[in-house]
Amino acid sequence: MVKQAIIPLAGLGTRMLPLSKAFPKELWPLGSNSILEKILDECFEAGIQEVIFVISKKKNSIKKHFLKDRSLEKKIKNKPDIFAKIKKLNQLSKKIKFVYQNNPKGLGHAVLCAKKAIKSKYFLLLLPDDIIIKKNCTKELISLHKKNNSSVIALRKVMKKEVSRYGIVGLNNSNHKIKQMIEKPSLKKAPSQYAIIGRYLLNKSIFQYLEKQQKGKLGEIQITDAMNAMLINENFFGCKFKGKYLDCGTINGYINSFIEINKS
Ligand code: UTP
């Protein structure tokens, strides 16, 4: 059973600066909740029992958002609607563990920081920049994992002009088995237009590969490079998920996502 998920939150969010400087983008609102709560809802609805947040000292406000605040609770006790919302955050916090990555060396390195917290053979990795609505993508990944007993990554076909922004896979078109993964390739080097979207179900042997992984694109430890190295020993299947993808990693993407969520 897949019971744990890692959510990396220690990045600098440079594309959202200066808005993200003091207020982490993961806490920005989407509808009446934050982006991060949307991701947590997806996890817990899919049966995940514990979530590991990778944060940094600079982003301690994320911890503060979830942890109990007795003096605040006293002040709002007579406002039941608001009190219930604060209580919900406290409830969520019981299932959250915090680990630190104070020097952001890349997504792969952030995942490695959570190594000690992972107990079972497979775990989930979710990126809050990628919101998927209308259908629970985590559930889809878990059911494909059960079928193939392997690692699974979420895929979405992107436009030719977008391939250099993503991790791109080469895959067998009939069974969606992954043959190759390349981080941010040029269009010429891209094996397809299928991009890795921020939902991964991984065998914990990924940590061995991450420990050996050299810096890749953007001078960062890239998880795509470690997964590509792992392909020799581990099967990976792609999940062309059914839900609607919303990009919350850029200002324009965030504004469009906010509008889309308010429509649904
Ligand atoms: P991104 O590569 O999109 O980086 O990280 P970012 O910092 O969020 O944003 P930009 O690109 O500078 O605008 C994908 C996810 O991995 C986390 C981020 O917080 C984000 O959730 N991350 C990234 C870390 O936790 N640590 C890192 O060193 C890098």
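Remember, it's 1-based here, ligands and their atoms both numbered in the order they're listed.
- Listed by chain and residue number, nothing satisfies the side chain to side chain donor-acceptor pair (under 3.5 Å) test with Glu140 (two or more places apart in sequence, or in another chain).
- Gln101 and His109 are linked by a side-chain donor-acceptor pair at a separation below 3.5 angstrom, with hydrogens and angles left out of the test.
- Pocket lining of ligand 1, defined as residues with a non-hydrogen atom under 4.0 Å away: Pro8, Leu9, Ala10, Gly11, Leu12, Gly13, Thr14, Arg15, Lys25, Glu26, Gln101, Pro104, Lys105, Gly106, Leu107, Ala110, Pro128, Asp129.
- Within the cation-pi definition used here (under 6.0 Å to the ring centroid, within 45° of the axis), Lys135 does not qualify as a partner of Phe241.
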Counting only pairs under 3.5 Å, give me each side-chain donor-acceptor contact of residues 83-93, with atom names and distances, residues two or more places apart or in other chains.
unit_1: Ser93; atom_1: OG; unit_2: Asn90; atom_2: O; d: 2.7

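- When only modelled atom types and interatomic distance are considered, Asn203 and Ser205 share a side-chain donor-acceptor pair under 3.5 Å.
- Residues meeting the salt bridge (Lys or Arg N to Asp or Glu O under 4.0 Å) test with Glu234, sequence neighbours left out: none.
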